[in-house]
Amino acid sequence: MRDFISLYMFNIRKMMGNWMTKIMFGIIVIGLLAGAFLYKDLNKIREINLKVINETKLPIKADLVADIFDYASNNMRYDVNNTNDKAEDTLVLTIFETDGGFSILFDYNNESTVSTYQKNCLISYIETSVMESSGIVIPNISIEDHSPAKENGVEMMVYYISIFVIYLFILLCGGIITGSVALERISKVSELLIYRVSPIKIIYSKVMALFTLLIGMGLVAICEVLVFQLIGFLDIGKFIKDLQISGIGIEYIGMIACISFSGIAVYTVLYIIVGMFIQSADQIQFAQFPIAAVALIAYVVSILSRATPDALFARISMYIPLFYPFVSPLRLIENLCSRQEVFISTIILLLFILAGNILMSKLFRLEAN
């Protein structure tokens, strides 16, 4: 046990000095900061002064128009008193009669002050008011939509970010672990260690060190988010609520984290095996290409399966350990994974990792002999 702890601590110190580890840490810190800025900007409440000039007999006042525009917008607030000094723009609406009916003149400076949807909502209300004032009975109209559900933008954004992070971290972690194994083999350090420590301890001292760093980065990310909350830069409660409204709960985030770790574990096995076949330092970079190519194919498959997540090739990919980390997040979002499918995929994944460990152990022993 003492030998394992010594190797474990040695690998942690060695990996912390690796430039790829620093890149991963930078991606997490800067990525969260950029994401927080983007989320805050998208949810920023824009304040607009509103003035309505009604030259018709229609009962349309500024308060009513403000209510219609507020209803048709998520992040705009309209002040009818025109006393808001912090307002980004002033919207002036002039409603007057024409030969064919009514006309509305919109006067504003910023093109994002009022949307086309808000304009259409106001026009629909005016049309309804005119018909009611003319004594026309407006029928109740119900809509039944049997078309496929529209893609949720937040869900797709979370999906693409998840897939990209998994792909990027697989490549970076693979580079770290391959370099560690290859350099020990080239310098003959592994041949000396094999006589004192079992191959499993050597292998898992590296794997545990790598996952310890990943967990540490995750804790740093949590601390960064908590700092955003404490300084009032980000409202975590509102963010979680927005995710839940979009159909993404804490359970899904937890599943994505588990899938990410399982994907890194699967590819780590392959990267370790590749590292054991490297003969010189010049081969380290090129030796990783086959594994990176497989990961890229899996990434492309996951993107292609977005259009048809329940297609045959998407379902088959769930049972391929190297494709599972990329395809499963989409099928989880679309609620297409049955418990049986997840259970079988997990068993195959664990068997693949077990077989990889047995192969690594044998390769270490053959190298020693």
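Numbers here are sequence positions counted from 1.
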Checklist entry - Less than 4.5 Å apart, any side-chain heavy atom of Thr94 and any of Val52? => result no
Next on the checklist: Do Leu33 and Phe228 make a side-chain contact, defined as non-hydrogen atoms from C-beta onward lying under 4.5 Å apart?
Outcome noted: yes
Next on the checklist: Just checking Phe164: does its CZ atom have more than 12 heavy atoms from other residues, nucleotides or ligands closer to it than 6.0 angstrom?
Outcome noted: no
Checklist entry - Does one side chain, of Ser115 or Gln118, offer a donor that lies under 3.5 Å from an acceptor on the other? => result yes
Item to check | Residue Phe96 excluded, over 12 heavy atoms near CZ under 6.0 Å | outcome: yes
Next on the checklist: For the CG atom of Asn11 and the OG1 atom of Thr212, what is their distance to the nearest 0.5 Å?
Outcome noted: 10.5 Å
Next on the checklist: Would you say CG of Leu230 has more than 12 non-hydrogen atoms from neighbouring residues, nucleotides or ligands within 6.0 angstrom?
Outcome noted: yes
Checklist entry - Do side-chain atoms of Tyr78 reach the backbone of Asp67 as a donor and acceptor pair under 3.5 angstrom? => result no
Checklist entry - How many angstroms lie between atom CD1 of Ile53 and atom CD1 of Ile104, to the nearest 0.5 angstrom? => result 13.0 Å
Next on the checklist: For a 4.5 angstrom cut-off between non-hydrogen side-chain atoms, does Glu55 reach Ile95?
Outcome noted: no
Checklist outcome for this item: Applying ring pair (Phe, Tyr, Trp, His ring centres under 6.0 Å) to Phe102 and not counting sequence neighbours gives none
Give every donor-acceptor pair under 3.5 Å between a side-chain atom in residues 341-359 and any protein atom, sequence neighbours left out.
| from | atom 1 | to | atom 2 | distance (Å) |
| --- | --- | --- | --- | --- |
| Glu341 | OE1 | Arg331 | NH2 | 3.1 |
| Glu341 | OE2 | Arg331 | NE | 3.3 |
| Glu341 | OE2 | Arg331 | NH2 | 3.1 |
| Ser345 | OG | Met318 | O | 3.1 |
| Ser345 | OG | Glu341 | O | 2.8 |
| Thr346 | OG1 | Val342 | O | 2.7 |
| Asn357 | OD1 | Tyr204 | OH | 2.6 |
| Asn357 | ND2 | Tyr204 | OH | 3.1 |
| Asn357 | ND2 | Ile353 | O | 2.6 |

Check residues 56-64 and write down every donor-acceptor pair under 3.5 Å in which the side-chain atom is one partner and the other belongs to a residue at least two apart or another chain.
| from | atom 1 | to | atom 2 | distance (Å) |
| --- | --- | --- | --- | --- |
| Thr56 | OG1 | Asn54 | OD1 | 2.6 |
| Thr56 | OG1 | Leu58 | N | 3.2 |

Item to check | 4.5 Å side-chain heavy-atom contact, Ser103 and Glu97 | outcome: no
Checklist entry - Between Tyr324 and Tyr319, is the gap from one ring center to the other below 6.0 Å? => result no
Checklist entry - Distance from Lys206 atom NZ to Phe211 atom CZ, nearest 0.5 Å? => result 15.0 Å
Checklist entry - Distance-only, no hydrogens or angles: does the Asn110 side chain make a donor-acceptor pair with backbone N or O of Asp89 under 3.5 Å? => result no
Checklist entry - Does the pair Phe326 and Ile170 meet the rule for a side-chain contact (heavy atoms from CB on, under 4.5 Å), with working shown? => result CA-CA 11 Å; Phe326 294 94; Ile170 282 174; 3.8 Å; yes
Checklist entry - Taking it one step at a time, do Asp79 and Ile48 satisfy side-chain contact (heavy atoms from CB on, under 4.5 Å)? => result CA-CA 6 Å; Asp79 180 19; Ile48 308 295; over 6 Å; no
Next on the checklist: I'd like to check Val294 versus Ile291 (side-chain heavy atoms, cut-off strictly below 4.5 Å). Are they in contact?
Outcome noted: no
Checklist entry - Among pairs that include at least one residue of residues 19-29, which meet side-chain hydrogen bond (donor to acceptor under 3.5 Å, both in side chains), considering only residues two or more places apart or in two chains? => result none
Item to check | Sub-4.5 Å side-chain heavy-atom contact between Leu91 and Phe106 | outcome: yes
Item to check | Sequence neighbours excluded, every pair satisfying side-chain hydrogen bond (donor to acceptor under 3.5 Å, both in side chains) that has a member inside residues 218-227 | outcome: none
Checklist entry - Between Val207 and Ile272, does a side-chain contact (heavy atoms from CB on, under 4.5 Å) hold up when you go through it step by step? => result CA-CA 9 Å; Val207 175; Ile272 291 176; 3.8 Å; yes
Checklist entry - Is any side-chain heavy atom of Val225 closer than 4.5 Å to a side-chain heavy atom of Gln229? => result no
Checklist outcome for this item: ring pair (Phe, Tyr, Trp, His ring centres under 6.0 Å) filter on Tyr167, not counting sequence neighbours, yields Tyr299
Next on the checklist: Could you go through Lys51 and Leu93, starting from their C-alpha distance and side-chain angles, then the distance that decides it, and tell me whether this counts as side-chain contact (heavy atoms from CB on, under 4.5 Å)?
Outcome noted: CA-CA 6 Å; Lys51 183 178 181 180; Leu93 264 68; over 6 Å; no
Next on the checklist: Which residue in the set Ile177, Val266, Ile176 passes side-chain contact (heavy atoms from CB on, under 4.5 Å) when paired with Tyr271?
Outcome noted: Ile177
Checklist outcome for this item: Here the gap from Leu214 atom CG to Met24 atom CE, rounded to the nearest 0.5 Å, amounts to 5.5 Å
Checklist entry - Rounded to the nearest 0.5 Å, how far does CG of Leu304 lie from OG of Ser317? => result 10.0 Å
Checklist entry - Do the non-hydrogen side-chain atoms of Phe323 and Ile297 ever get within less than 4.5 Å of each other? => result yes
Checklist entry - What is the distance from atom CD1 of Ile123 to atom CD1 of Ile68, rounded to the nearest 0.5 Å? => result 11.0 Å
Item to check | Non-hydrogen atoms of Leu322 and Ala298 that approach each other most closely | outcome: O-CB, 3.7 Å
